[in-house]
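Every chain is numbered from 1, with letters handed out A, B, ... down the list of sequences. All values derive from a computational prediction rather than experimental measurement. Excluded from the calculations below are hydrogen atoms, water molecules and symmetry mates; all remaining heavy atoms, backbone and side chain alike, are included.
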Protein chains: 4
Amino acid sequence: MARPKSDDKRSAILEAAARIIAAEGLGATTAAIAKEAGISNGSLFTYFNTKTDLLNQLYIETKSEMAAEAIAGIPTDSDIRDQLLHLWTNWLGWSASCPEKRRTLAQLIVSDEITPESREAAKHSMTEMARILECGRENGPMRDVPRGLFIAMANAIADAAIDYMITDPANAEKYSMSAFDAFWRMIS
Amino acid sequence: MARPKSDDKRSAILEAAARIIAAEGLGATTAAIAKEAGISNGSLFTYFNTKTDLLNQLYIETKSEMAAEAIAGIPTDSDIRDQLLHLWTNWLGWSASCPEKRRTLAQLIVSDEITPESREAAKHSMTEMARILECGRENGPMRDVPRGLFIAMANAIADAAIDYMITDPANAEKYSMSAFDAFWRMIS
Amino acid sequence: MARPKSDDKRSAILEAAARIIAAEGLGATTAAIAKEAGISNGSLFTYFNTKTDLLNQLYIETKSEMAAEAIAGIPTDSDIRDQLLHLWTNWLGWSASCPEKRRTLAQLIVSDEITPESREAAKHSMTEMARILECGRENGPMRDVPRGLFIAMANAIADAAIDYMITDPANAEKYSMSAFDAFWRMIS
Amino acid sequence: MARPKSDDKRSAILEAAARIIAAEGLGATTAAIAKEAGISNGSLFTYFNTKTDLLNQLYIETKSEMAAEAIAGIPTDSDIRDQLLHLWTNWLGWSASCPEKRRTLAQLIVSDEITPESREAAKHSMTEMARILECGRENGPMRDVPRGLFIAMANAIADAAIDYMITDPANAEKYSMSAFDAFWRMIS
DNA sequence: GATGAATGAGTATTCATTCAT
DNA sequence: AATGAATGAATACTCATTCAT
């Protein structure tokens with residue numbers, strides 16, 4: 001069966017995994033994850049066939065969640081700078097509020113365990129986010145830069161800011177804004 | 001002294017580790033690294049006390065090497081944009097030419113195995129590079145952004161470009177230049 | 001509960017350990033012990049956390065078993081010489097009939113792996129045996145010798161005899177009796 | 001060559017081994033022994049072919065030393081009780097004064113590494129000691145007990161006392177004497 | 001489905017011994 | 001002879017995965 005009974009349990013495992021991997025790295029044992037999720041050793045495998053499978057799904061779902069949060073409530077009628085600012089604030093705010101998911105994602109991104117298919121799937125869930133980002137450069141100086149490179153740069157700048165927001169939450173908003181200003185200068 | 005410890009062998013191990021880890025991740029076995037380095041299983045441990053030790057030294061030395069390459073031949077008399085461009089070109093060029101070291105570094109950066117001391121040591125070796133980068137923003141719009149955040153952003157943009165340079169070497173120079181232009185817009 | 005931990009299996013491991021250690025010494029591998037016990041390599045560690053732990057428990061349980069055998073069926077109404085003779089015969093008889101346990105115990109006794117706590121625990125299980133031994137000297141010439149030293153001497157004489165009983169089983173009873181006579185002369 | 005140049009170094013290794021093994025057990029590494037002896041790793045093997053060889057020689061020489069000390073200055077003209085008492089006092093005194101050698105010997109005695117040949121050799125070096133002990137029983141109640149068993153019993157009683165002498169040196173003499181009295185009662 | 005014991009392949013590290021210097 | 005680096009077999013213990021209950 002494609003999806004076993006309890007979706008709650010599935011989510012619990014995924015969230016437990018994020019927490020444990022944030023703390024212990026990808027070497028975290030499935031036993032530790034199961035324990036954190038409040039289930040038994042063996043039950044984990046009725047929800048995920050292998051550890052690799054669990055990791056891949058964690059990757060995809062975390063990325064999707066991030067993308068969904070980022071585009072929530074975008075004022076589609078406002079001008080592009082406002083839309084981008086809204087997106088940016090959502091994105092960095094969510095990421096900074098989930099340091100564990102973020103830290104885990106950082107490990108997953110560079111891991112061999114994540115298949116090309118998973119990477120592709122994650123990209124799909126970010127389509128809408130990417131589309132809005134794209135609008136920002138279509139008439140600007142970056143119009144000839146490959147789309148992927150441009151997205152990667154936006155990502156990179158955001159990431160740098162998020163690190164600072166997590167480390168020094170009191171000034172989180174300031175960091176977010178500084179980064180947005182830099183991003184805006186870059187594309188316009 | 002009988003058969004003194006050879007610096008060559010130490011380097012060979014470090015380079016073998018970079019190659020193997022790039023291919024297999026941090027889970028790469030010490031045996032595989034030793035074999036790639038052309039030494040015996042046990043000899044690895046006469047040069048590095050533990051695998052963690054090896055990983056930390058690999059991290060420090062790779063970062064140092066990168067920093068040293070980046071600042072080689074900087075035209076200190078030229079204007080700041082020229083200096084930055086030179087730095088940028090060195091940096092991205094070297095990184096793109098050593099995809100294995102780069103890939104390995106990406107894993108090490110997010111790993112728990114790397115101690116805060118190692119991270120600090122790596123920072124030290126990048127002082128000069130950071131200093132030059134700093135000159136670029138002292139009178140510009142980013143003058144009030146924290147130094148570390150600014151450096152992280154530069155890093156992030158470079159990284160994004162390097163990925164592209166590695167994936168599509170034919171257009172490497174173009175990507176490098178586009179990224180530099182974006183960076184320059186960001187800081188000026 | 002799924003497949004509860006089996007006490008039989010625990011005992012099987014302990015007995016396998018006694019057999020293997022008797023043959024190969026304390027350097028015996030956990031793999032060899034597991035194989036002899038008919039379980040897998042890893043299962044040994046669901047019953048004992050470490051090899052040291054296994055060794056300590058083996059020590060304690062073997063000593064307890066010996067003590068229990070020694071005092072079985074003591075004729076508490078008979079005079080003290082009869083009681084001692086019964087104890088002595090039980091004790092030497094059991095020890096001589098389990099040369100493997102005995103040989104293993106000899107190694108364990110001098111090993112660093114055995115903790116003071118284990119030694120203390122073993123002493124407790126021999127309380128009753130020691131009490132009867134004690135009765136034998138309370139009015140005799142050894143009345144002022146420290147209790148522990150007296151017990152150690154009894155032990156030592158018995159041990160010497162047991163070695164002979166094992167080596168030359170045909171005359172086992174004779175050796176046992178000679179040793180008892182010597183012991184009796186010593187204390188009366 | 002049967003005996004390499006420096007006999008001093010050979011002895012130094014043997015004594016270092018006794019000290020280290022007393023502290024760390026038979027698992028003590030040859031490297032640790034070499035270091036304690038003040039020589040290099042590899043040099044140990046110009047004096048002893050293998051670790052087993054070292055252990056066997058340590059066994060033989062320690063036993064010989066003990067035997068030699070035990071019979072030093074025996075008053076051959078005195079009556080047998082005096083002779084035995086002298087022997088006993090020498091023996092226990094020496095053993096109690098070298099707790100490391102004693103402890104090491106205890107481990108060696110039960111070890112598989114010691115060959116039957118070594119055990120035989122050790123017995124030879126104790127011939128004279130055994131001869132004197134023998135005199136003590138030839139007309140007594142133990143006259144029909146096998147010689148080896150009798151010796152083992154003497155040994156065992158002495159051993160028990162030595163333990164106490166080491167643990168509580170202040171009363172060493174008392175323990176030695178108590179044990180002798182017990183021994184004398186046993187044989188006469 | 002849930003549980004946790006059973007499995008056994010896998011791995012860092014150690015150490016007796018050898019050998020180049 | 002002396003040194004200590006090099007060797008590689010050996011081993012306790014781990015952990016993803018399976019399976020009996």
### Message
Below the 4.0 Å mark, does E:dA6 have OP1 or OP2 next to a side-chain nitrogen or oxygen of C:Y47?
### Response
yes
### Message
With a 3.5 Å distance limit and no angle check, can you tell me whether D:T62 reaches the backbone of D:L58 through a side-chain donor-acceptor pair?
### Response
yes
### Rounded distance (Å) that lies between atom P of F:dT3 and atom CD1 of D:I13
10 Å
#### Entry: Base-pairing mate for F:dA2 - Watson-Crick or G-U, with both contacts under 3.5 Å
E:dT21
#### Entry: A:N49 CG - F:dC19 P separation (whole Å)
14 Å
### Message
Rounded to whole Å, how long is the line connecting atom NZ of C:K51 with atom C1' of F:dA10?
### Response
12 Å
### Query
Applying the side-chain contact (heavy atoms from CB on, under 4.5 Å) test to C:Y59, which of C:L54, C:I109, C:T115 qualifies?
C:I109
### Query
Once you round it to whole Å, what is the distance between P of F:dT7 and CD1 of B:I39?
7 Å
### Rounded distance in Å - NZ (C:K35) to C1' (E:dT7)
16 Å
### Task
May I ask you to say what C:S6 touches in the nucleic acid, namely base, sugar-phosphate or nothing, with a heavy-atom cut-off under 4.0 Å?
nothing
### Message
Closest approach to the side chain of A:S43, judged atom by atom: which nucleotide of F:dA5, E:dT3, F:dT21 is it?
### Response
E:dT3
#### Entry: Any-strand Watson-Crick or G-U partner of F:dA16, both distances under 3.5 Å
E:dT7
### Query
Any chance the side chains of D:S43 and D:T46 put a donor and an acceptor closer than 3.5 Å?
no
### Message
How many whole angstroms separate atom CZ of B:F48 from atom P of F:dA6?
### Response
12 Å
### Query
Just to confirm, is there a sub-4.0 Å distance from OP1 or OP2 of E:dT11 to any side-chain nitrogen or oxygen of B:T29?
no
### Task
Give the rounded distance in Å between these two atoms: CG of A:D53 and P of F:dT18.
12 Å
### Query
In terms of the nearest nucleotide of DNA chain E, which residue is placed more toward the 5' end: C:L44 or B:L26?
C:L44
### Query
Are C:T30 and F:dA12 close enough that a side-chain N or O sits under 4.0 Å from OP1 or OP2?
yes
### Query
Should C:K51 and C:E113 count as an ion pair when the cut-off is N to O under 4.0 Å?
no
### Query
Can you tell me if the side-chain N/O atoms of D:T46 get under 4.0 Å from OP1 or OP2 in F:dA1?
no
### Message
Is there a side-chain contact between B:S40 and the phosphate of F:dG8, meaning an N or O under 4.0 Å from OP1 or OP2?
### Response
no
### Query
With a 4.0 Å cut-off on heavy atoms, is D:A28 in touch with a base, just the backbone sugar-phosphate, or nothing at all?
sugar-phosphate
### Query
Of B:G38 and A:T52, whose closest DNA chain F nucleotide lies nearer the 5' terminus?
B:G38
### Task
State whether B:K9 places a side-chain N or O below 4.0 Å from either non-bridging phosphate oxygen (OP1 or OP2) of F:dA6.
yes
### Message
Starting the side chain at C-beta, find the nucleotide from F:dT14, F:dT17, E:dA12 nearest to B:F45.
### Response
E:dA12
### Message
If we ignore hydrogens and angles and just use 3.5 Å, is the side chain of A:D112 paired with the main-chain N or O of B:G25 as donor and acceptor?
### Response
yes
#### Entry: Donor-acceptor pair, side chain of D:T104 and main chain of D:A22, under 3.5 angstrom
yes
### Query
Given atom CG of C:N41 and atom P of F:dT18, what is their separation to the nearest angstrom?
19 Å
